[in-house]
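Shown next, in structure tokens, is the structure this report addresses.
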Amino acid sequence: MHTRIRTLEEYHADYQQSIEDPDAFWAEAAEAFTWRKKWNTVRGGDFSPAGESTWYAGATLNITENCLDRHLAQRANKLAIVFEPNDPKTRHLRLTYRELHQRVCQFANVLKQNGVQKGDRVVLYLPMIPALAIAVLACARIGAVHGVIFAGFSATAVADRINDADAAFVLTADGLDRGAKQIPVKSVVDKALEHCPSVRRVIVVEHTGWPVELKEGRDVWYHDEVKSVSNDCPAEEMAAEDPLFILYTSGSTGKPKGVVHTQAGYMVWADYTFRNVFQVEENDMHWCTADIGWVTGHTYGLYGPLLAGSTTLLFEGVPTFPSPGRFWEVIDKHHVTIFYTAPTAIRSLMATPIDHVLAYSLSSLRVLGSVGEPINEEAWHWYDQHVGKGRCPIVDTWWQTETGGIMISALAGITPSVPARAGLPLPGVQPVLLNQDGSEIEGNDQEGYLVIKGSWPGVIRTTWGDHERARQTYFAPYPGYYFTGDGARRDEKGLYRIIGRVDDVINVSGHRFGTAEIENAINQSDYVVESAVVGYPHDVKGQGIYAYVICQHGVPTTDLDLQMAEASIIEAVVAEIGRIAKPDKIQFVSGLPKTRSGKIMRRILRKVAEGETTNLGDVTTLLDPLVVEEILAGRK
Ligand code: WT7
């Protein structure tokens, strides 16, 4: 076992060992960490029938000791976080490991002073600023379970998550700037909390300076609280399988589920995958553009880099503000060496004049990464040629909120990187393709359901408050395997190509939404009787959201009716979920294609949304085949 794989031979040898003797492999991978107590068993639990996994059971540790304290001897003055604000005219900020350690301890003491205890759930609804990173680590330091919600979700979505997690504490800010947009995050929280009886305390970080209302007895300013705390906060001793965080993600059923990751396995997986996939060196400047509100931000914006003692860049803004050159400007400004972003960002920048890229040297770059959805060949080549200047390996990293870290990807410069292929599995990961009946598909040049055989350290442990749901979703469909929900192809060389979801989940700009979740939101509009949502190929977003809607009073006929109905639907989605789930196309219909048993035939809706007009497949089982004609005639 090599803690850092450096050649293709080492990869093959390590892969082999990780499958033949996983216990020895993952014991060795865990050696370098600070443990309060070592484990009794490396790997435990069973996927089937219990849907259970344990890693390093019996061990105790604190992940922040491994992210911070462990580095103080060698790297106290090394930069841990470089913060680049939304507005390039505002000053950036740098925190060394020593400074970050101190700020985390202070924040942790503020949490304790406000009654947060080990095991409590703390919801974070914050802009992408250092306080978010510090607050996450502060929770981990005292053993509170952090639940970050991307600060773009609506008050209703925030309330649902707070209630599901039964959280008593919320951390937020006065406001947020994202590109040209401004979001009054504190008032979103206030609205959410009208429906959250469990919340006792809200701690507000001052960021934009906007006026906010503090509710007496419930809300406090962070800057008031921090005055009276010490800089020293001993880390709580956590059991390996204590929960570390909850992150909500969509599935094919209506309600998002709280994916739970635990302390030790997640730590080892984040560290191992980060260092190996990106081939991290001591002086790297790592920039993962994902918000900490998503798992990519958790694992590769925060935990992975800090565990490795690297420097991570935290960016508050968006790729196109104030100009489409913003990413490239930031790369040159901070000498970014590893750049990890999403295909949707690449495609949106590809569509702007190339001068925005050519104005910058980008000479510091060494490795490029892609995540969140399949990267199309055109975007891959543009990324390679114009950003990487043909000299930076690209890693197309396939993974999920549930997998904790990267599962299938090239190791930069070591294993093959081919456009539109995620590539080979990481050591410890056994991808399998299944037929619908659950039989394994052998050999190369084959396509099927992507499942993972056996456990790996970063696997989802449960869904918060409802283990049966996790079992049903991930472990019951094909006993012995973790079910990913993706379809994949193994090419002639054995490299994996991810095709996309096989369930009712759509991936919009790298964000997951269940079609049922969006339909529920649309149905909140007073205009709507019923709706059906499907994904369709979108040039920038990967998939766009296409909604078929039946209105109370039939298909709107006047322009005014049409506009009012559309506005009401969009308002409902923005209120229920957030702007990110807004439908791209709305088609009003008088009926939906249903079978005699009342099931919507989404296959037909998908085909129409994709632009297919002739080959819709079998429509003879439909209750009313005429609706198909109408849908075709009215397609957007
Ligand atoms: C779904 C997981 C953890 C990454 C951020 C998204 C799709 C993710 C790739 C990739 C093709 C990808 C899959 C997966 N996906 N990365 N490199 N190539 N598809 O996490 O929100 O949990 O979504 O994103 O469909 O199932 P997520």
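Whatever order the structure lists ligands and atoms in, that order sets their numbers, starting from 1. No hydrogens, no waters, no symmetry mates; every other heavy atom, side chains included, goes into these values.
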Practice prompt. Test the Arg161-Phe153 pair against the cation-pi criterion, namely NZ or CZ under 6.0 angstrom from the six-membered ring centroid and within 45° of the ring axis.
Written response: yes
Worksheet, complete the sentence: the protein heavy atom lying closest to atom 4 (C) of ligand 1 turns out to be Val371 CG2, 3.4 Å
Fill in: Proximity flag Gly372 to ligand 1, non-hydrogen atoms under 4.0 Å
yes
Practice prompt. Heavy-atom distances under 4.0 Å are what count here, so tell me which part of Arg501 touches ligand 1: side chain, backbone, both or neither.
Written response: side chain
Worksheet entry | Nearest protein heavy atom with distance in Å, relative to atom 11 (C) of ligand 1 | Pro374 N, 3.1 Å
Worksheet entry | Pair Glu447 + Arg497, salt bridge at N-O below 4.0 Å | no
Discussion item. Show the atoms of ligand 1 that are less than 4.0 angstrom away from any heavy atom in Asn507.
Written reply: 7 (C), 24 (O)
Item to complete: Look at Glu612 together with Lys607 and state whether they make a salt bridge at an N to O cut-off of under 4.0 Å.
Response: no
Worksheet, complete the sentence: Tested for ring pair (Phe, Tyr, Trp, His ring centres under 6.0 Å) against Trp269, the lone hit among Trp26, Phe274, Tyr300 is Trp26
Worksheet item: Which protein heavy atom lies closest to atom 21 (O) of ligand 1, and at what distance to 0.1 Å?
Response: Arg512 CD, 3.2 Å
Item to complete: Just do the side-chain hydrogen bond (donor to acceptor under 3.5 Å, both in side chains) check on Glu517 and Ser250 with the steps written out, would you?
Response: CA-CA 8 Å; Glu517 182 188 4; Ser250 301; 2.6 Å; yes
Item to complete: Write out the residue and atom name of the closest protein heavy atom to atom 25 (O) of ligand 1, then the distance separating them to 0.1 Å.
Response: Asp486 OD1, 2.7 Å
Worksheet, complete the sentence: Looking only at protein heavy atoms, what sits closest to atom 9 (C) of ligand 1 is Glu373 N, 3.5 Å
Fill in: ligand 1 atoms in contact with Val295 (distance to a heavy atom under 4.0 Å)
3 (C)
Discussion item. Does the structure place the NZ or CZ of Lys257 under 6.0 Å from the centre of the six-membered ring of Tyr248, at an angle of no more than 45° from the ring's axis?
Written reply: no
Discussion item. Just to confirm my output: which protein heavy-atom neighbour is closest to atom 5 (C) of ligand 1, and how far is it?
Written reply: Thr296 OG1, 3.4 Å
Practice prompt. Please determine if Ser370 has a nitrogen or oxygen closer than 3.5 Å to a nitrogen or oxygen of ligand 1.
Written response: no
Response to the item:
The atoms of ligand 1 lying under 4.0 Å from a heavy atom of Thr397, numbered in the order shown, are 9 (C), 10 (C), 16 (N), 17 (N)
Worksheet item: Short list, please: which atoms of ligand 1 are under 4.0 Å from a heavy atom of Asp396?
Response: 10 (C), 17 (N), 18 (N)
Worksheet entry | Neighbour count above 12 (heavy atom, 6.0 Å) for Glu378 CD | no
Discussion item. With a 4.0 Å cut-off on N to O distance, would you call Glu402 and Arg461 a salt bridge?
Written reply: no
Discussion item. For the backbone of Ser252 and the side chain of Asp504, can you confirm whether one donor and one acceptor N or O come within less than 3.5 Å of each other?
Written reply: no
Practice prompt. Considering the heavy atoms of Ile498, write down every atom of ligand 1 situated less than 4.0 Å from one of them.
Written response: 11 (C), 19 (N)
Fill in: atom 22 (O) of ligand 1: the protein heavy-atom neighbour that sits closest, reported with distance to 0.1 Å
Thr401 OG1, 2.6 Å
Practice prompt. Could you tell me whether Lys493 and Asp491 have a side-chain N and a carboxylate O separated by less than 4.0 Å?
Written response: no
